[in-house]
Student: 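Have a look at this one.
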Amino acid sequence: MTGGAMDPLPAAAVPAAAEPEADEEADAPAADLPMPQASEWSDLDPRRMQMPQGNPLLLAHTLQELLARDSVQVELIPEKKGLFLKHVEYEVSSQRFKSSVYRRYNDFVVFHELLLQKFPYRMVPALPPKRMLGADRQFIEARRRALKRFTNLVARHPPFSEDVVLKLFLSFSGPDVQGRLKEAAQCGGDEFLTCKLAPRAKDFLPADVQTQFALSRELIRNVYNSFYKLRDRAERIASRAIDNAADLLTFGKELSALGSDTTPLPSWAALHSSTWGSLKQALKGLSVEFAVLADKAAQQGRQEENDVVEKLNLFLDLLQSYKDLCERHEKGVLHKHQRALRKYSVMRRQMSAAAHGHEPESVEQLESRILEENAIQTMELRGHFSLYCLHQETQLVHAYLPLTSHILGAFVNSQIQGHKEMSKVWDDLKPKLHCLYVGPDSTLTPPRSPREGPSPH
């Protein structure tokens, strides 16, 4: 795959929507998000239950298949809107849905919160943060790139890509998109309630699932640290190319300024009066080549930013979302699961003691205990389902690992192409230097390289 064949994004849920921003209207979209209501398994719509074929734990997705699911562009709309507080708007275009819609940052926030609500056991990439004041052009461009990475990772995620919330976000062009997204989220509970395999997730997990989880988490942490350093170096390389372009352009401008100097020639230099005029004319002409060199260097820097740095950022966003998911599982689901097991054990001992003591219990007390026991059992099932999803998300991360070869290929191609184009300009420039060298007898004497020995003149 070539560098342009794919479109490249922290904590998992940063409450960024609550912060006011100078360039956006201050909304609080996450405050009234609908919470999924628990329901009986028999009440669920069978159409929303998916039964994978074969081993449900295995995700047979290649990188090419994931990238082919969709390609989303997120472009900044130049003008700002709003009566008092200005905000930035983005044009979001989906290749899959053949749609082009306008979204604000707060629309992304609501979409992100609903994904976390519907898919709490999946990798939901983080959104770029808000800035309260002083959102300059550089910050807005960096955020646009991050939103593009976020949207592409979500649009290519297997469970997310089939959800109605994603389709609405990428294709709904009517008013109040946030309201429509929330309405769609009210149609059912989270993935645990809509997945037919959720009650049997434990049956598909390996016996050493906790060991495998710990090993996978450690591996992804190491991979993330290495790719973070690679991204840092790639940014510096691209930045140096752009700085080199600026230096070459300045170099050429100074040559042009020297060639355009109109200071009269003093009489003291009359002996070689023709030399200065010829030299100025030659220097003025060389500035064109240096401008071309500057343009080539700038092109190389921009290409490395788009094809290398952005792909590294995309992969880092994915790895970070996996780390966030592991943390949610460990601090949230796993902790609640263990607490529920302890509570269930205590409750069983109390019920056993009551039965042996023949203590009478009211109907309300029995119903309360039954409901509590069901809630504890549901929490235990959620713990197993969380590990089930983690197993699949780990496979998804590894499906993205071949992206490394595309990143390195884009980097090597950029270096080869950039040096080749600049080398041609340097070669074309070299013959034009002959007019700069005039020997004692008015013959052209270009300098010789050290290997050629001293000049005969």
Side-chain angles (χ1 to χ4, degrees), residues 12-13 33-52 55-57 114-124 159 163 185-214 216-217 325-394:
L33 291 175
M35 296 302 296
Q37 300 296 319
S39 60
E40 296 295 331
W41 296 104
S42 58
D43 295 336
L44 297 176
D45 185 353
R47 293 173 297 178
R48 292 189 286 114
M49 298 179 178
Q50 298 180 3
M51 174 69 80
N55 187 343
L57 267 179
L114 290 175
L115 285 175
L116 281 172
Q117 177 183 301
K118 295 195 71 175
F119 300 96
Y121 312 120
R122 300 288 182 179
M123 295 185 296
V124 180
D163 193 78
Q186 286 178 333
C187 295
D190 63 8
E191 188 184 11
F192 174 74
L193 296 175
T194 57
C195 177
K196 191 173 183 179
L197 290 176
R200 300 192 294 119
K202 184 179 180 180
D203 299 338
F204 303 106
L205 294 174
D208 60 343
V209 61
Q210 293 293 346
T211 301
Q212 295 300 320
F213 164 63
S216 296
R217 188 176 187 181
L325 176 61
C326 291
E327 187 172 347
R328 288 204 306 274
H329 171 78
E330 191 173 59
K331 293 186 177 180
V333 177
L334 188 60
H335 177 69
K336 291 178 181 178
H337 180 200
Q338 292 172 344
R339 186 172 58 185
L341 287 179
R342 289 194 296 268
K343 189 175 181 181
Y344 180 66
S345 178
V346 171
M347 188 175 66
R348 290 299 297 266
R349 287 198 301 269
Q350 291 174 346
M351 292 179 67
S352 177
H356 286 86
H358 304 288
E359 296 178 3
E361 284 190 312
S362 65
V363 175
E364 291 80 5
Q365 287 176 321
L366 287 173
E367 288 180 349
S368 176
R369 287 183 180 276
I370 292 171
L371 290 174
E372 190 172 5
E373 183 175 356
N374 288 338
I376 293 173
Q377 291 175 343
T378 300
M379 180 56 64
E380 185 176 4
L381 290 176
R382 281 185 175 273
H384 296 311
F385 185 66
S386 176
L387 286 169
Y388 172 92
C389 294
L390 260 170
H391 195 305
Q392 292 186 328
E393 298 300 275
T394 304

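Numbers for residues simply follow the sequence, beginning at 1. Below, each value reflects all heavy atoms present in this structure, side chains not excepted, and no hydrogens, waters or symmetry copies. Given the structure is predicted, the values throughout are model-derived calculations rather than measurements.
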Student: What's the separation between atom CG in Leu57 and atom SG in Cys389, rounded to the nearest 0.5 Å?
Tutor: 9.5 Å

Student: Minimum heavy-atom separation for Leu325 and Pro120, please, with both atom names.
Tutor: CD1-O, 4.0 Å

Student: How long is the span from the CZ atom in Phe385 to the CG atom in Leu193, to the nearest 0.5 Å?
Tutor: 9.5 Å

Student: Between atom CG of Asp190 and atom CG of Leu116, what is the distance when rounded to the nearest 0.5 Å?
Tutor: 11.5 Å

Student: Evaluate the side-chain contact (heavy atoms from CB on, under 4.5 Å) criterion for residues His391 and Thr394: first the C-alpha distance (whole Å), next the side-chain angles of each, then the deciding distance (0.1 Å), finally the verdict.
Tutor: CA-CA 5 Å; His391 195 305; Thr394 304; 5.8 Å; no

Student: Can you give me the closest heavy-atom contact between Leu197 and Pro56, atom names plus distance?
Tutor: CD1-CB, 3.3 Å

Student: To the nearest 0.5 angstrom, please state how far the CD atom of Gln392 sits from the OH atom of Tyr121.
Tutor: 14.5 Å

Student: Nearest 0.5 Å please: distance from the CD atom of Gln212 over to the CG atom of Leu387.
Tutor: 11.5 Å

Student: Which heavy-atom pair separates Val124 from Phe119 by the least distance, and what is that distance?
Tutor: CG2-O, 4.0 Å

Student: Nearest 0.5 angstrom please: Phe192 CZ to Met379 CE, how far?
Tutor: 9.0 Å

Student: Which atom names give the shortest non-hydrogen contact between Gly189 and Lys118, and what distance separates them?
Tutor: O-CE, 4.4 Å

Student: Under 6.0 Å between ring centres, would you say that holds for Phe213 and His329?
Tutor: yes

Student: Restricting to non-hydrogen atoms, name the atom on Arg122 and the atom on Arg328 that form the minimum distance, rounded to 0.1 Å.
Tutor: O-NH2, 2.8 Å

